[in-house]
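What you are looking at is a predicted structure, and each value in this text was computed from that prediction instead of being measured. The chains referred to below are lettered A, B, ... by the order of the sequence lines, with proteins before strands, and numbering in each begins at 1.
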Amino acid sequence: MAAPLVLVVLVAVTVRAALYRSSLAAFISERVEVSSPLNAWKRVVEGLALLDLGVSPYSGAVFHETPLIIYLFHFLIEYAEMVFMVTDVLTAVALYLAIQDFNKVVFKKQKLLIELDKYAPDVAELIQTPMEMHYIPLKVALFYLLNPYTVMSCVAKCTCAINNTVIAFFILATIKGSAFLSAVFLALATYQSLYPLTLFAPALLYLLQRQFIPVKLKSKSFWLYTMQYAALYLCSLVVIICLSFFLLNSWDFIPSVYGFILSVPDLTPNIGLFWYFFAEMFEHFSLFFVCVFQINAFFYTIPLAIKLKEHPVFFLFVQIAIISIFKSYPTVGDVALYMAFLPLWSHLYRFLRNVFIPSCVLIVCSILFPVLWHLWIYAGSANSNFYYAITLTFNIGQIQLISDYFYAFLRREYYLSHGLHLTRQDGTEAMLVLK
Amino acid sequence: MVHGTNVYGILRAPRAASTEALVLSVPCSPGTHNNQAVGLMLALAAYFREQIYWAKDIIFLVTEHDLLGTEAWLEAYHDINLTEVQSSGTPGRAGAIQAAIALELSSDVVTSFDVAVEGLNGQLPNLDLLNLFHAFCQKNGLLCTIQGKLPRSDWESLPGYAHSLQTLALMVLAQASGRPRGDHGLFLRYRVQALTLRGINSFRQSKHGMAAVGRTLEGMFRKLNNLLERLHQSYFFYLLPSLSRFVSIGLYMPAFGFLLLVLVLKISFDSSFQPSSRSSNPPADPYHPSATSISPQEARPGLLVLVPPVLICEAAGLALYLLPVLGQQVATQHFPVSEAEAVVLTIIAIYVAGMALPHNTHRVLPGAGAARGWLALKLVALVALALVLMALALLNFSLGFLLAATMVPAAAAVQPNGPKVLLAAVLVLATPAVTLLLGIFLERELLEVPAGVGEGWQLFLAALGEGLLQHHLYGSCLYPLLALGVYPLWLLLWNVLFWK
């Protein structure tokens, strides 16, 4: 399976190199859907220039990257394009290896449950076979590398590609079962953008499952492992933050990075939900609504953890999707990361209620984003309402897609344990609905 | 290489801060096309200089080579480089331009003023500017026309309807071509509301001399001078059946929406009839108990079958866009044709060659001889066509509507199993080149100067060359849209028609 992966990587690198040399590169890096105030390349260059002058890069509200990123590019600024192509390739390879391992785990678990007779007798067609799972890792890598969103994000040199790489390594470490590496990568991801904090729960549930520790609130081994993992995570986070302090000799980066992410002062339009609301809100209420919006971004972890505690990798997928919809400055690079996982759930296809409409909504909105931006900013015939309408529709399409997959997953689990042909108490055929 | 000189002068407002400006632009080209306007402009300048009520600076601009000179001046004034025109800087500036009027006069008495509104890429000025001019002319007893057609007072009768429909159709054709109808068309790109006024001298009783024309223009400039903000309150998207009536976007967009609905319904019926032709998931049904014997290799051609035809059609579109210009030098060296003829002949050659491309490229891949493969290709073409038309309708409604009206019925009806000759004829009639040809004939009919076949064909060739030229000169989007956006999709439908 290495040869097709190498071929896909070569094609992806060629496409990116060709786009870097064309005139589209400048056009793409200016698009607000691709680069946000948090991760635009112009701002990294600005921060590096300030650092070279000896001034703190955080003076002046332009630069919002973490000190580790400045130092990374301080040494690698000559090879910036190569760095971004390499990060994309690393993400794809990490996802490939992670999904390969995960497929083995799924298959073993399925075999165990079949031998324990936990499945209903007539569900033979729902069981996943190794033959159909054979090409899934390659498809995941393909979906990530050749997704137009990823390509645009790479060509614009947007640092969310680096965030995606760290999250991909975190997923690889979790699935391989190494708690230490998983905690370190999760700390790095949280350090860069705050929202991967919520990925702590699915990682913990996966590692507990791997150690065969049941998730019971009264069990001592559960609390012991949780404390261990949380301690690893918090310690690595503290170490990284202290390292950043020593790199730049000031705590300036905390309000500039985390204060910026949480308080959303910059209202440049993007594909998220925050900018329009706060552009037309009175000052008096903005604190309240900032709190409401941020709690909304973090809140879904709790009910999802309760419902999906047996299926932590699906929980991880839904959590990544929720981060990329509800974070304060989303870009299409974040959307590309969870879309890469869709081939993993291709066995849910028959339970999806409508996959045509959300995918059409996403494609139509992606085309309409630049058209309405042009009409608003350049032609002056439209205004911000038009652009926000497309933003809203895009996010609704994403939400429909994720909830469709969620429902399909739950349906499949129900059918697996209760059989495909459900009957009511009086013998007539029953149908499964979500209450 | 074309060189030119623009001349302009700025009248500074006596008590204002020079932050806003108005422009009176007069294109000056050799010949009698515009030989009175400069004189009138100088007279107006002398008159304006003595007044004290100006709150905005007035720029009097004389441009050479028509649109080229105007584009050069605008780029130099705004200090940007949008096109390949190079201009030396402007030594004097007057702040942000609020509005501009382009004047074309070829005789010293006029019977009517013809107003032109269509700008580059179908952009229109704010309707307020047009209403301003029309109301002022009515007050002064000056006759105004649009599209060269005299207004009728019996607009509720059947001949009146027909007349309004003709005017509307002329505006749709002009807007769809994306060509600026006058110098004002280039101002619109810089968010400056602008109009072109053409003095017409025809055989009528009431003629107005330069004094009346001058008074009208002075009144117009005083009205623009009194504006507190840029014109933005009225519609930017409208169609004009006559000068005193307009059709707003809320009325004409649903018509376009219904055309797109045909495509959407066709897409959803076809895709629900054939669930395995979904392009985002492998179509083979792996849940059947005997599926374990099917190798996964077969699951993949469902998507890969579509890739060769799509790639070839896109390559043909790219060739249509890039080759005429790149091959111009080669063609003029080896063939006895002029440069313009070389470009146009290359365009036609590539267009027709695309139709003759092999139609069974999908057979390269194993296991792809499915009889239903054409349905997936047709779905992809219909989805892409709906997307392109929708994006186009937002930017240039007339172009989107024309292409939708001609291509949607043919696209929905095409299939390889029906009467091939009839469907091929319908599809050829729907192709963008034939739409252009028929549009030229229709426009000449509506202007009451019907063109013969030979003349129409010459006009068609000239339009092809001009489309490409305007794309490279001013950034007009018609040629790239048709070559890269619509033509590959039409080729895909042609592929579907001849699917084996």
> Walk me through it: do A/N395 and A/Q398 pass the test side-chain hydrogen bond (donor to acceptor under 3.5 Å, both in side chains)?
CA-CA 5 Å; A/N395 284 316; A/Q398 287 186 76; 3.3 Å; yes

> Measure distances from B/F237 to the heavy atoms of chain A and classify the residue's part below 4.5 Å as side chain, backbone, both or neither.
side chain

> Less than 4.0 angstrom from a charged side-chain N to a carboxylate O is my criterion; do B/R189 and B/E75 meet it?
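Between B/E75 and B/R189 there is no salt bridge, as every charged N stays at least 4.0 Å from the carboxylate O atoms.
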
> Relative to chain B, which of A/I363, A/V364, A/L372 shows the most heavy atom pairs under 4.5 Å?
A/V364

> Looking at A/A379, A/C360, A/A382, A/P343, which one has more heavy-atom pairs under 4.5 Å with chain B than the rest?
A/A379

> Determine, step by step, whether A/Y415 and A/R411 satisfy the side-chain hydrogen bond (donor to acceptor under 3.5 Å, both in side chains) criterion, reporting the C-alpha distance in whole Å, the side-chain angles of both residues, the deciding distance to 0.1 Å, and the verdict.
CA-CA 6 Å; A/Y415 281 141; A/R411 260 181 90 173; 3.3 Å; yes

> Under 6.0 Å between ring centres: does that hold for A/Y387 and A/Y276?
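Centroid distance A/Y387-A/Y276: not below 6.0 Å, so no.
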
